[in-house]
Trainee: 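Dropping a structure here in structure tokens format, bear with me for questions.
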Amino acid sequence: MSAEPRQPNQAFSLERTGAVLIKEFIQLTRDRITYALILAVPVIQMLLFGYAINTDPRHLPTAILVQENSVFARSVVSGIANSSYFDINHQVRNAAELDELVRTGQVQFAITIPGDFTRRVVRGDRAQILVEADATDPTATGSALAALAQLPREALRRDLTGAVAPPADPEQPFEIVVHRRYNPENITAYNIVPGLLGIVLTLTLVMMTAIGVTREQERGTMESLLATPVQPLEVMIGKLAPFVIVGMIQTALILIIGRVLFGVPMAGGWPGLILGTTLFIIGSLGLGFLISTLTRTQLQAMQLSVFYLLPSILLSGFMFPFRGMPDWAQWLGTLIPVTHFLRIVRGALLKGQGFADMGPSLLALAVFVCAVAALALARYRTTLD
Amino acid sequence: MTVAIDAQGLNKSFGGRRVVKDFSIRVDEGRITGFLGPNGSGKTTTLRMLCGLLTPDSGTGTALGFDIISESWEIKRRTGYMTQKFSLYEDLTVEENLQFSARIRSLDRIGERVADALEQLGLAERRKQLAGTLSGGWKQRLALAVATLHEPQLLLLDEPTAGVDPQARRTFWDEIHTLAARGLTVLVSTHYMDEAERCHDIAYIAYGELLARGTAEEVIAGAKLATWRGEGPGVDRLAGELLRDPAVEMAAPFGLALHVSGGDADRLERALAPYQRSPFRWARTEPTLEDVFIHLMSRVPDNFQ
Ligand SMILES: Nc1ncnc2c1ncn2[C@@H]1O[C@H](COP(=O)(O)OP(=O)(O)OP(=O)(O)O)[C@@H](O)[C@H]1O
Ligand SMILES: [Mg+2]
């Protein structure tokens with residue numbers, strides 16, 4: 001008779017969890033490419049997006065429509081041209097042409113100086129110039145529009161000190177009316193970094209775990225694993241724990257790059273940020289595990305992960321301003337964990353929010369974690385059926 | 001004698017096709033039972049049901065006294081299961097695979113056990129090699145070492161020696177017999193006749209049905225098969241001709257000789273009469289296990305779709 005093995009615990013054993021964890025960790029370090037991607041993805045994405053968000057872009061293509069031939073109009077045009085933000089590369093003759101240029105994206109700005117400009121300036125009768133900004137990428141227009149605010153005070157200074165009578169308000173001889181097209185809500189550049197954090201974590205963590213479990217099924221190692229006394233919760237914790245560390249490293253990388261290279265403000269809110277990030281990482285891993293219980297092959301797991309990733313990018317407020325979306329999309333977006341994670345990260349970094357302000361979002365993430373963990377465990381099969 | 005495996009009326013279907021049909025089996029403790037049958041006959045499926053990896057559609061059973069459906073955890077703790085397809089981690093080393101198995105089964109003295117196993121396997125110097133880079137036969141041997149590391153009471157082996165060289169197979173079987181002498185029960189599927197003969201007894205399954213059970217002698221005797229052995233130049237080429245007679249169930253060349261078998265000895269003798277001439281020499285002989293298996297297989301309706 002062979003020796004009876006030590007009586008192990010049936011319900012939950014740290015030893016067995018540890019066995020899975022160590023195995024996963026070794027496999028992770030052995031897979032050099034994955035290892036490299038874990039570090040490279042956040043860094044490369046940050047650099048790509050980070051320099052794309054270049055907070056102070058200049059020399060933006062501009063079209064101008066001048067409807068009167070006057071000294072004032074010429075002064076305004078040269079005032080605009082002198083600012084390094086605008087490159088006037090189209091002088092158009094009518095509004096339709098102007099519109100076409102903006103619509104096709106050939107120019108970022110379309111400036112109109114109306115026919116009654118001089119008359120109104122002289123009379124002090126609310127003279128206006130109209131600036132249409134293509135705010136599809138609001139980060140591109142922000143600084144330029146800010147610079148434009150100086151124009152009324154500066155542009156006509158010399159002309160107005162001459163023979164003509166001074167306008168009603170010498171500080172503000174005319175006003176600038178700005179229309180932001182395509183993206184009325186003006187996201188700041190700093191929104192990108194927190195957003196990217198959410199997307200990178202989703203991308204790597206959901207996919208890696210989703211694939212990690214289906215890989216065992218595909219390679220047949222699941223059969224051996226299931227023939228051991230290991231329990232579902234132990235497999236889950238053991239498989240996911242190494243990736244919690246991966247997620248933490250990625251978070252640190254992104255925040256450091258954001259701070260050092262892009263000067264993202266860090267207003268505080270660290271406790272909430274840490275709690276939120278931890279919940280989000282665990283939830284994403286749990287979701288990956290859940291996906292793996294729904295799929296048979298690594299390819300299917302990939303596809304399902306992408307299926308989840310797309311709305312996370314599009315509806316979470318990362319790509320489009322959340323409040324700019326139609327009601328149904330906002331409603332859908334609220335169901336997506338990344339949305340709440342973005343609110344937490346933005347709230348913490350940009351506004352220094354405390355726990356109380358983040359309450360609803362933290363709660364949403366907690367619900368997310370519990371739901372995916374429960375579903376994954378319920379779906380996990382201890383047999384091959 | 002205690003019963004290690006006792007299963008009654010197991011059924012299993014995949015996608016509407018019944019691959020195991022009313023399968024019942026008893027295996028006594030300390031016995032080595034060979035599990036034989038053609039490809040796709042349900043051997044792997046049955047082994048999986050016995051260790052809780054598949055749930056039978058109907059039927060009941062116990063392994064080591066535990067219910068195979070409700071107490072599979074207890075069975076898994078005490079059982080070593082070696083899968084037909086290599087299912088260790090190819091990206092872990094030989095040693096890491098053994099360590100993982102030891103940890104997941106909460107063993108004590110892990111370092112010692114792993115070192116012993118490596119020594120016994122003869123893989124001590126290659127313990128840092130990735131399991132995926134081992135040759136086919138070495139993979140099988142490693143898998144067996146992993147399956148026996150926790151000193152199981154029941155060993156379910158699914159074609160453990162496929163692709164293993166003769167010397168290693170002999171070592172393997174010696175090892176199995178040593179373990180069985182200490183009380184280990186073994187159910188081992190195989191396609192090799194010499195291995196079937198090394199088992200204490202045999203279970204023969206075809207198309208999901210258990211067709212024969214007992215020791216090799218009992219199985220041979222139970223088949224009630226008459227066999228003639230023919231010799232002489234060109235005798236091996238008579239097979240096709242002979243098989244046209246319904247009394248001849250099987251005619252198979254064995255090297256230069258021909259084995260001709262049938263269930264009815266008299267009719268078989270009459271069928272052979274025209275060939276009782278020079279240069280052929282015929283002699284009644286004991287059927288081999290292989291004769292019996294081919295005979296058994298030819299009797300079941302071919303329902304393999
Ligand atoms: N998971 C599954 N899904 C569908 N069909 C299956 C599954 N597993 C086995 N089968 C079918 O069940 C039948 C029996 O398969 P099984 O693997 O048990 O045969 P076997 O006796 O082990 O064959 P072999 O000697 O080739 O290993 C086969 O026809 C196979 O196609
Ligand atoms: Mg098989």
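Quantities reported herein were computed from a predicted structural model and do not represent experimental measurements.
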Trainee: Which residue out of B/Asn97, B/Val146, B/Asp91 racks up the most heavy-atom pairs below 4.5 Å with chain A?
Mentor: B/Asp91
Trainee: Taking the basic N atoms (NZ, or NE/NH1/NH2) and the acidic carboxylate oxygens, is any pair closer than 4.0 Å for A/Glu218 and A/Arg215?
Mentor: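 Salt bridge flag = no for A/Arg215 with A/Glu218.
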Trainee: With side chain to side chain donor-acceptor pair (under 3.5 Å) as the test, would you mind laying out the steps for A/Gln300 and A/Thr214 before giving the verdict?
Mentor: CA-CA 9 Å; A/Gln300 290 172 350; A/Thr214 39; over 6 Å; no
Trainee: With a 4.5 angstrom heavy-atom cut-off, which part of A/Ile22 approaches chain B: side chain, backbone, both or neither?
Mentor: side chain
Trainee: Name the region of A/Gln231, side chain, backbone, both or neither, that has any atom closer than 4.5 Å to a heavy atom of chain B.
Mentor: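 The side chain, not the backbone.
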Trainee: I'd like to verify something: which residue of B/Leu88, B/Ile104, B/Thr79 has the highest number of heavy-atom pairs under 4.5 Å with chain A?
Mentor: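 Between B/Leu88, B/Ile104, B/Thr79, the count favours B/Ile104.
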Trainee: Select, from B/Leu130, B/Leu92, B/Ile75, the one with the greatest count of heavy-atom pairs under 4.5 Å involving chain A.
Mentor: B/Leu92
Trainee: Which of the residues B/Tyr81, B/Tyr89, B/Phe100 is involved in the greatest number of heavy-atom pairs with chain A at under 4.5 angstrom?
Mentor: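 Heavy-atom pairs under 4.5 Å are most numerous for B/Tyr89.
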Trainee: Could you tell me whether B/Arg141 and B/Glu175 make a salt bridge, using a distance below 4.0 angstrom between a side-chain N and a carboxylate O?
Mentor: no
Trainee: Using non-hydrogen atoms and a 4.5 Å limit, figure out which bit of A/Arg219 sits close to chain B: side chain, backbone, both or neither.
Mentor: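 Interface part for A/Arg219: both.
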Trainee: Go through A/Glu223 and B/Ser87 one step at a time and tell me if the side chain to side chain donor-acceptor pair (under 3.5 Å) criterion holds.
Mentor: CA-CA 7 Å; A/Glu223 193 176 354; B/Ser87 61; 5.6 Å; no
Trainee: Indicate the ring-plane relationship of B/His177 and B/His200, choosing parallel, tilted or perpendicular according to the 30° and 60° boundaries.
Mentor: perpendicular
Trainee: Consider side chain to side chain contact (heavy atoms under 4.5 Å, CB included). Of A/Leu375, A/Val206, A/Leu205, which one does A/Leu287 pass it with?
Mentor: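 Single side chain to side chain contact (heavy atoms under 4.5 Å, CB included) partner of A/Leu287 among A/Leu375, A/Val206, A/Leu205: A/Val206.
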